J.: 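The following block contains the structure, expressed as structure tokens.
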Amino acid sequence: MTALVIEDETLAAEKLIKMLAAEDESIQVLGVLDTVEKAVGYLKDNPAPDIIFLDIELGDGKSFDIFQEVEVNSHIIFVSAFDEYALRAFKYNSIDYLLKPLKRKDLAFALEKFRQHFTLTQSKSEIAGIIRQLQQKEYRSRFLLRQGTRLFSLHINEVAIAYTRERLHYIRTFSDTHHLIDNNLDELESQLDPEKFFRVNRQFIVSFNAIDQAYAWFDGKIKLMVKPPAYEDIIISRLRANDFKKWLGK
């Protein structure tokens, strides 16, 4: 745990540091600062400590001024001889407000509150990171295809459309070649990046880059023209039309 002491009374700062060492040897005190100006400069130029012990009355003003000059991402334990600032102090990411002369039991209680809060914050951060990783799905980037006895790889950016015809499944490239694939369109839809591909109906999945023109059709449907052209008209149902238009406008 890293800590920064912002205190303009030398004896009070020394006493606090000794009490911290007695409570928890793992606490690393990064320094002692005695003015608003020095505190602002430190916080601008250095990584945020885990916790700041902050006096209210400093040599050049009140410590609240620090928050007006720099973003403070550390947890705060205020240490002051005055109780009149307590309500205001809790607006600033404060864990506790301790009165001078500082008592060891009060400091121990404040540190325990910080540990509980810090552990909870870390857990939330770790969970959020896991969720982000899960959400960052890796989509298919290529196909392994067969041409006679030859196997070759085709990059996903070369795929214009995927389609079903007579119970077989194909991809068609921008260079107008057709390739038989093993996956049906339901399987393929889940493997393709939805930012780049859209399942327009039961027979076709289209690449955004393959879309040539789209027309309003009967009963709220959409008729889609692609390049290279599909083997039949691509009609998007009224139920899918709104989703398709939202996808086009992303």
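Because the structure is predicted, anything quoted here is derived from the model rather than measured.
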J.: Going by heavy atoms in the side chains, are S74 and I51 under 4.5 Å from each other?
T.: no
J.: Minimum heavy-atom separation for I6 and A39, please, with both atom names.
T.: CD1-CB, 3.7 Å
J.: Restricting to side chain to side chain donor-acceptor pair (under 3.5 Å), what partner residues turn up for D233, sequence neighbours left out?
T.: none
J.: In terms of heavy-atom contacts, does OH of Y170 have more than 12 from other residues, nucleotides or ligands at under 6.0 Å?
T.: yes
J.: Go through the structure and list residues passing salt bridge (Lys or Arg N to Asp or Glu O under 4.0 Å) with D186, not counting sequence neighbours.
T.: R199
J.: Just wondering, are more than 12 heavy atoms of other shown residues or ligands nearer than 6.0 Å to CD in Q213?
T.: yes
J.: Holding to side-chain contact (heavy atoms from CB on, under 4.5 Å), I want the full list of residues that pass it with E69, two or more places apart in sequence or in another chain.
T.: V40
J.: Indicate the atoms forming the closest heavy-atom contact of P49 with T2, along with that distance.
T.: CA-OG1, 3.4 Å
J.: How would you list all residue pairs meeting side-chain hydrogen bond (donor to acceptor under 3.5 Å, both in side chains) that involve residues 158-167, not counting sequence neighbours?
T.: Y163-H178, T164-H169
J.: Partners of D8 by side chain to side chain donor-acceptor pair (under 3.5 Å), sequence neighbours excluded?
T.: none
J.: Answer yes if I235 and L248 sit in the same cluster of Ile, Leu, Val, Met, Phe, Trp and Tyr residues linked by side chain heavy atoms under 4.5 Å apart, and no otherwise.
T.: no
J.: Restricting to side chain to side chain donor-acceptor pair (under 3.5 Å), what partner residues turn up for E9, sequence neighbours left out?
T.: none
J.: So does Y231 have more than 12 non-hydrogen atoms from other groups sitting under 6.0 Å from OH?
T.: yes
J.: Of the non-hydrogen atoms in I56 and Y97, which two are nearest, and what is the gap between them?
T.: CG1-OH, 4.1 Å
J.: Can you name the nearest heavy-atom pair linking L58 to D34, along with the distance?
T.: CB-O, 3.9 Å
J.: What pair of heavy atoms forms the shortest contact from K100 to A12, and how long is it?
T.: NZ-CB, 4.3 Å
J.: Restricting to salt bridge (Lys or Arg N to Asp or Glu O under 4.0 Å), what partner residues turn up for E37, sequence neighbours left out?
T.: none
J.: Do L30 and N46 have side-chain heavy atoms sitting under 4.5 Å apart?
T.: no
J.: Verify the neighbour count for atom CG of D182: are there more than 12 heavy atoms of other residues, nucleotides or ligands below 6.0 Å?
T.: no
J.: Which atom pairs, one a donor and one an acceptor, fall under 3.5 Å between side chains of residues 14-24 and the rest of the protein, sequence neighbours left out?
T.:
residue: K15; atom: NZ; partner: L102; partner atom: O; Å: 3.4
residue: E23; atom: OE2; partner: R104; partner atom: NE; Å: 2.6
residue: D24; atom: OD1; partner: S26; partner atom: N; Å: 2.9
residue: D24; atom: OD1; partner: S26; partner atom: OG; Å: 2.5
residue: D24; atom: OD2; partner: S26; partner atom: OG; Å: 3.3
residue: D24; atom: OD2; partner: R115; partner atom: NH2; Å: 3.2

J.: Could you tell me which residues satisfy salt bridge (Lys or Arg N to Asp or Glu O under 4.0 Å) with E195, sequence neighbours excluded, listed by chain and number?
T.: K250
J.: S175: which residues meet the side-chain contact (heavy atoms from CB on, under 4.5 Å) condition with it, sequence neighbours left out?
T.: T173, T177
J.: Over all heavy atoms of both residues, which pair between D55 and S80 is shortest? Give the atoms and the distance, please.
T.: OD1-CA, 3.9 Å
J.: Decide, yes or no, whether a salt bridge links D65 with K62 under the criterion of side-chain N to carboxylate O below 4.0 Å.
T.: no
J.: Say you draw a straight line from CG of L224 to CG of N201; how long is it, rounded to the nearest 0.5 Å?
T.: 9.0 Å
J.: Quick one: do K113 and D96 make a salt bridge, cutoff under 4.0 Å?
T.: yes
J.: Is K221 atom NZ crowded by more than 12 heavy atoms from other residues, nucleotides or ligands, each under 6.0 Å away?
T.: no
J.: Sequence neighbours excluded, which residues qualify as side chain to side chain donor-acceptor pair (under 3.5 Å) partners of R150?
T.: Q147
J.: Going only through I, L, V, M, F, W and Y residues with side-chain contacts under 4.5 Å, is there a path from F143 to V206?
T.: no
J.: Measure the CG-CD1 distance between L145 and I181 for me, rounded to the nearest 0.5 Å.
T.: 8.5 Å
J.: Please determine whether the number of non-hydrogen atoms from other residues, nucleotides or ligands lying under 6.0 Å from atom CZ of R140 exceeds 12.
T.: yes
J.: Taking the inter-plane angle between the rings of F78 and F64 on a 0 to 90° scale, is it parallel (under 30°), tilted (30 to 60°) or perpendicular (over 60°)?
T.: tilted
J.: Quick one: list whatever passes side-chain contact (heavy atoms from CB on, under 4.5 Å) with F174, sequence neighbours left out.
T.: A160, S207, N209, A210
J.: Counting the benzene-type ring for Trp, do F198 and F244 have ring centres under 6.0 Å apart?
T.: yes
